[in-house]
Amino acid sequence: MGTIEAPHRAKADRPAATQAAADQPMYASRVKVYPKRVFGKVRSVKWAVLIVCLVLYYVLPWLRWDRGEGVPDQAVLVDISNARIFFFWIELWPQEIYFLAGGLILGAFALFAVSSLFGRLWCGFTCPQTVWTDLFMWVERWIQGDRNARMKLDQGPKDANYWTRKALTHGVWVLIAAATGGAWVMYFNDAPTVTWAILTGGASLEVYFFFALFAGFTYLLAGWAREQVCTYMCPWPRFQAAMLDENSLVVTYRDWRGEPRGKLKGEGHGDCVDCFACVHVCPTGIDIRDGQQLECIGCGLCVDACDSVMAKLGKPKGLVAFETLKNLSASAAATAAIRPGPERQKAGMAARHMPRFIRPRTIMYAGALTLVSVVMLGAFLLRSTLDVTVIRDRAPLFVRLSDGGIRNAYTVKIVNKTREEAPLALVLSAPEGFRMVVQDVEADAQGRPLLPRRADGIAQYRVLVSVPGGRRLAESTPVTFRLLDPAGRAVASTSSTFAGPRP
Amino acid sequence: MPTKIEKDSLTGTDTTGHEWDGLKELNTPLPKWWLYTFYATIVFAVVWMVIYPSIPGWKGTSGWVAREAVVADVAAAQARNAPMMARLREATPAQIAADPEMRAFATAGGRVAFANNCAGCHGAGGQGAIGGFPSLADDEWIWGGSLEAIQHTIRHGIRANESDDQRQSMMPRFGADALLTRAQIDDVAEHVLSFTSRATDQAAATRGVALYAEQCASCHGERGEGNREFGAPRLADQVWLYGGSKRDIVAMIGNPRAGVMPSWQGRLDPAITNMLTLYVHSLGGGE
């Protein structure tokens, strides 16, 4: 980023959070940010996203989904001890964890695509760090008042009022954090049971550990660390610049219209009245008028702040706006020779073009998204619910029988992802004379061994295949095992080999 | 080496003094919490080293030992299996085989017990080895392949003189003790080979018929069918404990060898000998 020149200003005017100390201490003190309350379109969208995300997170584990007897009835559950993931009608086995990997790949490409189109929408609106910080700030504002009241409280005497309000704020934060840690644990345990267990002290050490871990970090990251997480901890701001280009929508200050800043009255000034409304509402404490910067999470609250000021002044909105850097340069170029005023505003806006949403970068992201989606969907639709695997004994490779015949032993496993238990007949496809015996099972009317399935589990059988003596045998003979359902249809098959001595 | 530390005009921060083709690096300070977290990790490491056995020779103040943790885990696992082991101890092999739950536990545990105690002679899959280590996976049994016979062999062993009920048999040393001449031994060997149609000298084989009937048939049977009561192996098949060539057979008649298997009765828990019985029976030769 940084294709536009940041309007240079005197250092003293720069917000404190980005200002480095001149005498090079060992560390940079965090300068506390006091974001001011703001109203507007972007804020409303942000509230809506926040509510949807939080409701989803807290409510999802409580949804029930009837799967029958003896199976968890929780709609979304990662059942670690039984090695199953339940997601509504989907039940995944550990060997199908690639669906999770595929989901994460989808998420990554969706993030890349959205970033290249609309900038840091993820950071500004849906990132858990943003959502919970927003929630915690709302609590803070509700108990301690808005920006000025909070600053006054922090600078004022540490009296009863101060401590009451602080304690109340942190108390509510801890409650929210506890609910957050509790909800996390519920995704891995039956929600009502584990809630009751946590409350009555009967939960396992693991449950309490993860509960405390997630509660503790919610409190720490949303209550204390806040913008420090985005600025110093998170790797995403470091490389998301690679997804953005001059056609991406980013939060920008239209400097061609705002500069030079000055009083409302008087000649030769741009539209920016230097009221600092955009700075005061910023949750990361930066000045958007300095241009594109790492700390900006693209939440757009400064857009709302500036729009409300412009509305009061009777000027057009959009001095700070979601805009592409390409349009910004176009407007700047078109208005270079025009004096500040309505003419300049008109010419600048006229120079803009519809952002180019379709460009090689977005086409590639969309292509990757489509490809991964199709592969995932295909894999899911073709997902087998019944598998048979055969492992031939390797020690010994074969056994010589008393009549000079040869026998191989196999372990046959029936992987049954359904709750169907009806036995399946095992059939061996091999040259004439090969005889199969399955230990410990019954046979059907045709004398075929009937292998019971385990509902939602793996049934294992030992199968002996022998060839009578006096028969010429290759060192390795291909054989196929097939499972037939009661109607005689082959429902699963797998191939193996029959080993004999070196001829 | 830092060459020239200068103040950056835009940020007011010092540079590190390094320069690479005109690129300079700002010496931006770490955030305070970051630095403190770093110090906290050092403190954590020191505390950890004091509490746990971190350095050779240092046992740690907590007294925690990995071996004890394993011992506790093993004890817990044994406690978990105790009810099943008690059932396996009391049950007969036939009862275990009839109960799917017990059978599954016994064959799974028997595999491990076999690897620990039996595989040294009988091989990892019970395939045995030429030279006196019988295969347990084929369909030939010297002392019997029923559950009861296998259990008896495991409990009491063979010729180890450790149990009164051990499997005991002795083949006479026809050559070494001069019971038969070399020529007679050769004739008997040819006759034994003829059971599996492998005789090379028909005249010798015919000469051997009477000798065999006189000297061998009482244990190995008229037609070489063997006798499990005496542990006399079947001769009319393709499974040979000490090799099936004429040379091997002649050597075996002249100076017979006899393997020894220890009695496992006092060495292993009865539940484990029962598990081994089930496992050996499942290897493929069970009768």
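Just so it is clear: chains get the letters A, B, ... in the order the sequence lines come, proteins before strands, and each one is counted from 1. What you see is a predicted model, and the numbers here were worked out from it, not measured in a lab.
Contacts between residues 437-444 of chain A and chain B, defined by a heavy-atom separation under 4.5 Å, are made by A/Gln439, A/Asp440. Heavy-atom neighbours of chain B within the stretch residues 395-407 of chain A, taken at a separation under 4.5 angstrom, comprise A/Ala395, A/Pro396, A/Val399, A/Arg400, A/Leu401, A/Ser402, A/Asp403, A/Gly404, A/Arg407.
Considering only residues two or more places apart in sequence or on other chains, B/Arg223 meets the side-chain contact (heavy atoms from CB on, under 4.5 Å) condition with B/Glu225. For B/Thr196, the side-chain hydrogen bond (donor to acceptor under 3.5 Å, both in side chains) partners two or more places apart in sequence, or in a different chain, are B/Arg198.
In this structure, B/Arg111 places its CZ atom where only 12 or fewer heavy-atom neighbours from other residues, nucleotides or ligands lie under 6.0 Å away. Atom CZ of A/Arg238 has more than 12 neighbouring heavy atoms from other residues, nucleotides or ligands inside a 6.0 Å radius. Taking a 6.0 Å sphere around CZ of A/Arg435, one finds it holds 12 or fewer heavy atoms contributed by other residues, nucleotides or ligands. The local environment of CZ in A/Phe239 is crowded, with over 12 non-hydrogen atoms from other residues, nucleotides or ligands closer than 6.0 Å. Residue A/Lys413 places its NZ atom among 12 or fewer non-hydrogen atoms of other residues, nucleotides or ligands, all under 6.0 Å distant.
The shortest heavy-atom contact between A/Tyr232 and B/Trp34 is O-CZ3, 3.6 Å. In this structure, A/Gln228 and B/Pro31 approach most closely via the heavy-atom pair OE1-CB, 3.9 Å.
Interface check for chain A: of the options B/Asp139, B/Thr107, B/Leu283, the most heavy-atom pairs under 4.5 Å are formed by B/Asp139.
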